[in-house]
Amino acid sequence: MTVSVVQFGGSNCDRDAVRALDHLGVDAERVWHEDGLPDDADGIVLPGGFSYGDYLRAGAMAARAPVMEAVREAADEGVPVIGICNGAQIGSESGLTPGAFTTNASARFQCEPVHLRVERADTPWTAAYDEGDVIEVPIAHGEGRFEISEDAHADLVADDRVLFRYCDADGNVTDAANPNGSTDNVAGVLGERETVAVLMPHPERATLPDLGRSTDGAGILRAFA
Amino acid sequence: MTAYTATVTVRLKRGVLDPEAETTQQALERLGFELSDLRSADRFEVDLDAADADEAAARADEMAERLLANPTIHDYDVAVAER
């Protein structure tokens with residue numbers, strides 16, 4: 001398994017993702033978007049950062065970069081793809097996953113630990129957890145509020161494609177535990193395939209034991225192991 | 001071909017929270033202005049040459065569909081004028 005961490009101008013969590021994957025014994029390499037996706041990429045990470053300076057909308061420019069066509073094709077073929085933070089914004093902007101991530105309700109950039117409730121444990125991203133588990137992973141974003149039309153939200157819930165919701169330490173999904181005003185406390189969703197996921201929190205910042213407060217994010221990246 | 005400017009205005013759909021507009025409204029109110037509401041929008045002015053105004057509008061419309069607006073959260077309109 002070689003995981004391609006796709007680097008755009010302004011990506012800044014690409015090295016973190018590679019280090020976290022290395023730590024889990026997963027072969028990972030950074031791939032500059034203009035060089036295209038390697039043929040042997042059997043996993044893809046869209047990392048966090050501020051691609052193209054968040055011009056227009058966070059993720060809007062990178063989502064339309066030519067490499068994303070290859071990412072969509074790979075995703076359609078079942079290659080696991082995860083978008084983290086700016087990568088989640090890129091994923092939703094490119095249509096890999098439903099909804100949109102936009103300005104936090106606070107109108108501020110927020111960098112803080114949050115709790116997530118695992119809503120599905122039968123996906124590659126959550127096989128390390130049980131449904132209902134509460135994990136602690138940090139967020140760092142200004143545009144992480146999940147927005148989706150009422151109809152599309154109803155479909156999302158009916159199809160059981162919400163992967164994580166913001167919750168309190170006991171797993172209660174409450175307004176107080178919703179850091180950014182996301183619809184239905186949604187922190188991460190699945191694409192049409194369970195092998196495609198995006199989330200605003202940073203699992204790669206909660207993987208290495210000497211970094212931060214938790215290693216709860218490692219289970220998500222173990223999808224590639 | 002005629003030279004046109006297509007003005008694309010992209011705004012949040014009604015009902016979608018606009019924290020930046022709320023913050024701006026609060027700042028105006030702190031300055032002593034009285035207002036009932038405030039909405040923000042992005043405006044793009046696209047200079048292009050087209051056979052007629054309809055073609056210019058159609059092209060600007062496609063630009064909005066494919067990049068300038070995100071249909072999940074935005075509405076947009078296009079106005080075309082000769083340049």
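Lettering follows sequence order; numbering is per chain, from 1.
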Handout entry: Name of the residue among B:D77, B:D18, B:D42 meeting side-chain hydrogen bond (donor to acceptor under 3.5 Å, both in side chains) with B:R11
Key = B:D77
Exercise for the section: Would you mind telling me which of B:L67, B:L68, B:I73 has the largest number of heavy-atom pairs within less than 4.5 Å of chain A? Expected result: B:L67
Problem - When A:R145, A:E93, A:R108 are compared by non-hydrogen pairs under 4.5 Å with chain B, the top option - result: A:R145
Fill in the blank from the handout: For B:V80 and B:A6 the tightest heavy-atom approach is CG2-CB, 4.1 Å
Practice task
Classify the ring geometry between A:F101 and A:F146 as parallel (under 30°), tilted (30 to 60°) or perpendicular (over 60°).
Solution key: tilted
Handout entry: Exercise: do A:D168 and A:T174 side chains pair donor with acceptor under 3.5 Å
Key = no
Handout entry: Side chain / backbone / both / neither for A:T102 at chain B, heavy atoms under 4.5 Å
Key = side chain
Practice task
Check whether the side chains of B:Y4 and B:D52 place a donor and an acceptor atom closer than 3.5 Å, and report yes or no.
Solution key: no
Practice task
Against chain B, work out which of A:A105, A:A63, A:S149 has the most heavy-atom pairs shorter than 4.5 Å and name it.
Solution key: A:A105
Fill in the blank from the handout: When the 4.5 angstrom heavy-atom criterion is applied to B:A21 and chain A, the contacting part is neither
